[in-house]
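Read through the structure below, which is laid out as structure tokens, and then see the notes.
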Amino acid sequence: MPWSILEYLRKDPEVLRNSLRKRFMDESLVDNAIKYDVEWRKVLTEVNNLRHKHNQISQQIAKVSDEERRVLISEAKELLKTIEVLEKKLDEIERVRDDLLTSMPNIVHPSVPVGSDDSYNIPIRAWGRAKVYSEFLDEFLRNTAGKGVNMDYEVIDWRPIGHADMLEYVLKLGDTLKAAEVSSSRFYYLFDDIVWLDIALLTYAIDYLTSKGFKLVLPPYMLRQQYMAGVVDLATFKDAIYKVEGDDLYLIATAEHSLAALHAGDEIPEEDLPLLYVGVSPCFRREAGAGSRDIKGIFRVHQFHKVEQFAYTMPEQSWDVFESLISNAEELYRNLELPYRLVNVVSGELGSPAAKKYDLEVWYPAQGRFRELVSCSNCTDWQAYRLKIRYLRRKGTVRDYLHTLNSTAIASTRTITAVLENHQKPDGVVEIPKALRKYLEVYSKAPKDYIHPAKR
RNA sequence: GCCGGGGUCGCCUAGUCCGGUAGGGCGCCGGCCUGCUAAGCCGGUGGGGAUACCCCCGCGCGGGUUCAAAUCCCGCCCCCGGCGCCA
């Protein structure tokens, strides 16, 4: 039963305290959990002893005479009363203990920078030649060379139009105002060339990853609460997840959720690992904590399409696979000619499931900042424990929790915004990345090289 | 949604009517035996707590009846078949 968190809780709790400190969370959680775990084991032993006594009496009853039976039955009944009281106590302790355990975030990996917010993220490498409007040069340099990673750039003397205005007013290929009226804010209608682009981006990513041996999956878009709770933490549940009224179903916020649930309860032989999946699905997000951030355009929306990489691995494989998932993502963005930097995300911004996370951030010329397009996480055994997914080593003699990892490949709407800003010409024409051409050529009405501003 | 059948230790299966320690086969692991292999024999093969014995829980899930539930009762989930509805 070596779930890393429970194991450390019993053998070396300082590891957990230290991890919580790095996340700026209250480390008393650990001592509280220890207290309840010790108490739980103590009461469990008491209950088990009483149950044993009761079982013994119960088994005698079948074999004795009528008079003896009457005596034994009343004895058993007495015992049951005691057991019942103690079992109630045990259930209560167990409930508290499990709540404490499942509220425990994953253990922060030693290589994760410690810091409270994303200004402490550490850039690891950068790629591409960023178009930097003169006014944004200081900001650009502060976030590249200033943080120890050099990135090629060219200063431009015109300010590109922001992706939201491009979509809505220059190209006139999106209508977020009507969508807000009929749905609510953060919804959108997209038309023609942008829809082709959305489709092409998805097939592009699918083609790339299936060529690399990933198994293609179209997963359920809704999951029961039990499985959703195995994949996400409470904060995500509250802020990101839509509930379907009248059913025990939740809309997925990413294919990661369904792909993690795919092997819930399974035991996977060592020789089958790693299992690599590429899922494609719509994603539904409440964005409850977002306030009015990115309220314009389609950067932060309630629904979008995403191609997602997901891996099940042996514990000793997961850090290598982690690196390979992010390098897949990088290659996808390099081929789209989108300049990016890769950051090692600070401890304070890590979600509970993740032990370590890389974000791929593309430079947005009109906004003058880097923005997250890809998030790649190693969840180690955090999800596997909750979903009871184990590996079998050496023909079933060792059984243990495996590791799960996930990474964005392409999130459609967000990638579209990056294309609209980075491949925009001074005259408002958007050049389509050549890597997408092949996926657009199959459609007679799809654009092939350029998307042109609407005629007025 | 309705009617019927089903869900037992990795797989197959007995036990359910009639309540009393869940049995067998296959596979797998370990051991014995043996020129080698096969066969044969012995033990193990779910979760948890103790770890020197050992104990508790586990028959789709959750309740109930009972000293005692795989077995009886109630609710739910899933699978198969039929009917209905349907892109």
Side-chain angles (χ1 to χ4, degrees), chain A residues 1-11 33-102 104 218-230 243-250 258 261-273 275 282 312 381 384-402:
Chain A
M1 173 283 356
W3 177 39
S4 57
I5 287 179
L6 190 51
E7 189 143 59
Y8 280 120
L9 192 76
R10 289 177 181 176
K11 292 181 181 160
I34 290 173
K35 192 180 103 196
Y36 276 93
D37 185 50
V38 168
E39 181 70 6
W40 175 80
R41 285 186 282 171
K42 193 188 118 210
V43 177
L44 179 64
T45 303
E46 289 173 31
V47 168
N48 282 347
N49 289 340
L50 290 173
R51 279 174 181 162
H52 177 55
K53 215 184 272 181
H54 182 261
N55 284 345
Q56 284 181 318
I57 294 171
S58 214
Q59 280 155 28
Q60 280 174 46
I61 287 174
K63 305 171 195 159
V64 298
S65 65
D66 286 356
E67 310 94 270
E68 283 176 295
R69 180 168 299 135
R70 269 195 299 279
V71 176
L72 286 175
I73 286 177
S74 68
E75 207 176 306
K77 279 183 172 171
E78 267 319 295
L79 205 48
L80 274 179
K81 281 184 205 159
T82 318
I83 292 174
E84 201 179 335
V85 172
L86 211 54
E87 274 180 340
K88 273 215 179 89
K89 186 177 163 194
L90 182 67
D91 286 350
E92 175 60 15
I93 293 167
E94 187 170 302
R95 196 184 58 74
V96 176
R97 185 196 76 145
D98 288 348
D99 284 353
L100 289 167
L101 279 179
T102 49
M104 201 81 75
L218 197 143
Y221 302 159
M222 301 176 209
L223 294 174
R224 296 183 202 277
Q225 164 151 16
Q226 179 198 340
Y227 294 93
M228 208 48 120
K243 164 122 182 63
V244 177
E245 193 180 339
D247 289 288
D248 174 31
L249 287 173
Y250 294 78
S258 307
L262 173 61
H263 288 297
D266 287 356
E267 291 173 351
I268 301 172
E270 177 179 20
E271 54 272 23
D272 292 352
L273 297 172
L275 284 173
Y312 295 86
D381 62 356
Y385 170 74
R386 296 170 163 227
L387 293 169
K388 305 286 173 263
I389 311 172
R390 296 181 297 178
Y391 65 80
L392 291 175
R393 203 194 301 263
R394 274 191 284 116
K395 318 257 188 189
T397 50
V398 179
R399 218 183 291 262
D400 215 340
Y401 295 106
L402 49 69

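Just so you know, these numbers come straight off a predicted model, no measurement behind them. Quick note on labels: first sequence line is chain A, next is B, and so on, each numbered from 1.
- For B:U51, the OP1/OP2 oxygens have no side-chain nitrogen or oxygen of A:R41 closer than 4.0 Å.
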Mind listing the N/O atom pairs, protein and nucleotides 8-13 of chain B, below 3.5 Å?
none

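- Residues of residues 44-57 of chain A that place a heavy atom closer than 4.0 Å to RNA chain B, in numerical order, are A:L44, A:T45, A:N48, A:R51, A:H52, A:H54, A:N55.
- Residues satisfying the side-chain hydrogen bond (donor to acceptor under 3.5 Å, both in side chains) test with A:E78, not counting sequence neighbours, are A:K81.
- The salt bridge (Lys or Arg N to Asp or Glu O under 4.0 Å) search around A:R95 returns A:E92, A:D99, not counting sequence neighbours.
- Taking atom C1' in both B:C77 and B:G27, the straight-line distance is 30 Å, to the nearest Å.
- A:R70 comes within contact range of no nucleotide atom at all, as no heavy-atom separation falls under 4.0 Å.
- Within residues 90-99 of chain A, no residue approaches RNA chain B, by heavy-atom distance under 4.0 Å.
- For the OP1/OP2 pair of B:C78 and a distance below 4.0 Å, the side-chain nitrogens and oxygens of A:R224 include at least one atom meeting the criterion.
- Nucleotides B:A70 and B:C3 are separated by 29 Å at their P atoms, to the nearest Å.
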Which dot-bracket string describes RNA chain B (Watson-Crick N1-N3 plus N6-O4 or O6-N4, or G-U N1-O2 and O6-N3, all under 3.5 Å; [ ] crossing; | other strand)?
((((((((.[[[[.)....(..]]]]((((((.......))))))((((....))))..[[[[[..)....]]]]])))))))....
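- Distance, A:L9 CG to B:G49 P: 12 Å, rounded to whole Å.
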